[in-house]
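Have a look at the structure below, then the notes.
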There are 2 protein chains.
Amino acid sequence: MALGKNYDGQDCSLARTLELVGERWTMLVIRDALYGVRRYGDFLAHLDIPRAVLSQRLVTLVEAGVLERRRYQDSPPRDEYVPTAMGRELWLPVLALGQWGERHLSRRGARRVFSHVDCGGRIDATATCTGCGAEHLPPDQVEVRPGPGLEDDRDDPVSVALREPHRLLDPLP
Amino acid sequence: MALGKNYDGQDCSLARTLELVGERWTMLVIRDALYGVRRYGDFLAHLDIPRAVLSQRLVTLVEAGVLERRRYQDSPPRDEYVPTAMGRELWLPVLALGQWGERHLSRRGARRVFSHVDCGGRIDATATCTGCGAEHLPPDQVEVRPGPGLEDDRDDPVSVALREPHRLLDPLP
DNA sequence: TACCACGGTTCAGTGAATGAACTAGGGTGG
DNA sequence: CCACCCTAGTTCATTCACTGAACCGTGGTA
């Protein structure tokens with residue numbers, strides 16, 4: 001972080017977190033990784049993000065331990081990016097931020113509906129199942145599907161795959 | 001948002017939220033407002049933020065309905081910034097992000113400890129009281145105090161006031 | 001061999017953030 | 001009356017972050 005003023009003067013954990021995830025595009029990369037996106041090209045197409053930014057963000061997240069880089073083929077060499085346990089725990093802030101937006105910034109209904117894999121109940125902003133009451137649901141216990149407010153006009157592979165219900169963390173597309 | 005590429009291609013609530021709160025410094029301004037900081041000079045001193053950035057962020061947050069600008073004196077004219085109901089609901093993402101940082105990015109103990117005003121129990125990352133089980137605690141039911149990991153080397157008025165337990169949303173310093 | 005797909009890298013140009021200085025409207029004290 | 005102080009901004013040249021467009025390297029395929 002090279003800007004003249006960084007958050008060093010802030011001895012607080014929020015600032016530490018924001019130094020890592022607060023740069024433009026980073027939270028959306030993390031969100032996509034939690035949905036199950038793994039490959040550079042899929043992040044690129046789904047997020048419509050500049051290539052250099054995506055490369056740099058992935059490097060940063062791997063170095064920080066949020067994502068893990070894994071070889072999925074040797075010829076030619078190809079890596080994918082998988083959330084670590086540390087990265088999976090960012091699900092809660094991602095959910096809280098997204099639900100705030102659903103509640104306050106959405107003029108149509110919910111764009112994405114998150115439900116509990118085991119009982120089908122809706123998930124609230126604290127990752128609690130409103131159906132059965134299960135709390136602290138990790139991402140692999142959550143299914144995402146389109147809500148009534150989602151405009152379905154994207155045709156990249158990830159957007160197409162997310163037209164169907166999809167369990168978080170399962171590879172996409 | 002004038003960068004060549006914005007988040008318009010992302011029909012998702014997380015992107016809508018990040019367009020508002022994702023700019024550099026904004027989440028820290030909101031965090032301070034939730035702690036109870038009200039005045040331009042106090043945000044300025046506590047955050048050590050460039051003046052022009054603070055002015056612009058406050059304007060944006062007022063226009064978006066997250067903060068409300070209120071006259072606190074007429075001669076000379078002086079306004080303060082108070083979280084709206086919409087702004088107070090950002091407490092949950094702020095807490096979730098901060099707690100993630102406490103858990104994964106802190107080499108010493110907790111910098112800030114959040115507890116339930118009514119029973120004194122600790123608050124977890126979902127705004128649930130670990131003492132009595134009360135859920136969805138709003139900020140005005142939460143008290144913040146320094147934790148064992150906080151370096152107490154700041155001497156601006158807000159930092160000094162936060163050396164004592166402080167109920168969120170109560171004006172600071 | 002030419003073309004394609006993939007996962008990057010490079011770089012000039014544009015926009016955001018920054019430090020430093022300045023402004024306006026009061027209030028206070030000598 | 002004037003000088004100084006405080007507060008809440010505003011201005012602007014400079015630096016840094018992001019971007020579009022082009023390019024690169026390593027394979028695989030027809």
Side-chain angles (χ1 to χ4, degrees), chain A residues 1-10 15 18-29 32-33 37-62 67 69-82 156-158 173, chain B residues 1-10 15 18-29 32-33 37-62 67 69-82 156-158 173:
Chain A
M1 184 177 287
L3 287 176
K5 203 158 261 183
N6 55 30
Y7 294 155
D8 274 355
Q10 302 293 317
L18 292 172
E19 278 173 346
L20 176 56
V21 308
E23 285 180 306
R24 189 167 159 78
W25 293 109
T26 305
M27 287 296 293
L28 290 171
V29 171
D32 267 13
V37 181
R38 296 281 177 271
R39 298 184 181 182
Y40 182 94
D42 293 324
F43 285 108
L44 193 72
H46 187 235
L47 294 173
D48 194 29
I49 179 176
R51 286 173 175 273
V53 172
L54 178 58
S55 297
Q56 195 265 327
R57 296 295 185 275
L58 290 171
V59 166
T60 298
L61 291 171
V62 168
L67 299 180
R69 190 171 179 157
R70 288 188 190 156
R71 184 60 42 101
Y72 72 86
Q73 106 181 7
D74 280 317
S75 222
R78 292 281 182 262
D79 293 339
E80 61 184 8
Y81 298 87
V82 181
D156 63 279
V158 173
Chain B
M1 184 176 287
L3 289 176
K5 201 160 261 177
N6 55 30
Y7 295 155
D8 274 354
Q10 301 293 318
L18 291 172
E19 278 173 346
L20 176 55
V21 307
E23 285 181 306
R24 188 166 160 80
W25 294 108
T26 305
M27 287 297 290
L28 290 170
V29 171
D32 267 14
V37 181
R38 295 281 176 269
R39 299 183 183 183
Y40 181 95
D42 293 324
F43 285 109
L44 192 72
H46 186 234
L47 294 173
D48 194 27
I49 178 175
R51 288 173 173 274
V53 172
L54 178 59
S55 296
Q56 195 265 324
R57 297 292 186 276
L58 290 171
V59 167
T60 298
L61 292 171
V62 168
L67 298 181
R69 188 171 180 156
R70 287 188 192 157
R71 185 60 44 99
Y72 72 85
Q73 106 181 5
D74 280 317
S75 220
R78 292 280 182 266
D79 294 339
E80 60 184 6
Y81 299 87
V82 182
D156 62 278
V158 173

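Every chain is numbered from 1 and lettered A, B, ... according to where its sequence line falls, protein lines coming before strand lines.
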Check every strand shown and say whether A/F43 touches a base, only sugar-phosphate, or nothing at a heavy-atom separation below 4.0 Å.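 It contacts nothing in the nucleic acid.
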Any base atoms under 4.0 Å from A/S55, or only sugar-phosphate, or nothing? Heavy atoms, all strands.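 It contacts base atoms.
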Considering just the side-chain nitrogens and oxygens of B/Y72, establish if one lies under 4.0 Å of OP1 or OP2 belonging to D/dA8.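 Checking D/dA8 against B/Y72, a side-chain N or O does come within under 4.0 Å of OP1 or OP2.
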Looking only at side-chain N and O atoms, does A/Y81 come under 4.0 Å of OP1 or OP2 in C/dG7?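 False: A/Y81 side-chain N/O out of range (4.0 Å or more) of C/dG7 OP1/OP2.
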When you match A/V53 and A/S75 each to their closest nucleotide on DNA chain D, which lands nearer the 5' end?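 Its nucleotide being nearer the 5' end, the pick is A/V53.
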B/L58 vs A/A52, nearer the 5' end of DNA chain D by closest nucleotide: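 Its nearest nucleotide being more 5', the pick is B/L58.
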Got a donor-acceptor pair under 3.5 Å from the side chain of A/R78 to the base of C/dG7?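 Between C/dG7 and A/R78, which were checked side chain against base, a qualifying N/O pair under 3.5 Å is absent.
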Taking atom types as they are modelled, is there a donor-acceptor pair under 3.5 Å from the base of D/dC18 to the side chain of A/R24?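 Side chain to base: no pair below 3.5 Å.
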Among A/R71, A/R70, A/R39, which residue meets the side chain to side chain donor-acceptor pair (under 3.5 Å) test with A/D79?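 Between A/D79 and the candidates, side chain to side chain donor-acceptor pair (under 3.5 Å) is satisfied uniquely by A/R71.
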Is any side-chain heavy atom of A/L28 closer than 4.5 Å to a side-chain heavy atom of A/I49?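 Result no, sub-4.5 Å side-chain heavy-atom pair not found.
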Minimal non-hydrogen separation, B/Y81 against B/L67, with atom names: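 Looks like CB-CD1, 4.1 Å.
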DNA chain C: 5'-proximal contact among A/P76 and A/R51 (nearest heavy atom):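 By nearest-heavy-atom nucleotide position, the 5'-most residue is A/P76.
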Given C/dA17, D/dG9, C/dG7, which nucleotide is nearest the side-chain atoms of B/Y40?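 Looking only at heavy atoms from C-beta outward on B/Y40, the closest nucleotide is D/dG9.
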What distance do B/D156 atom CG and B/L44 atom CG have between them, rounded to the nearest 0.5 Å?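 Separation between the atoms: 10.0 Å.
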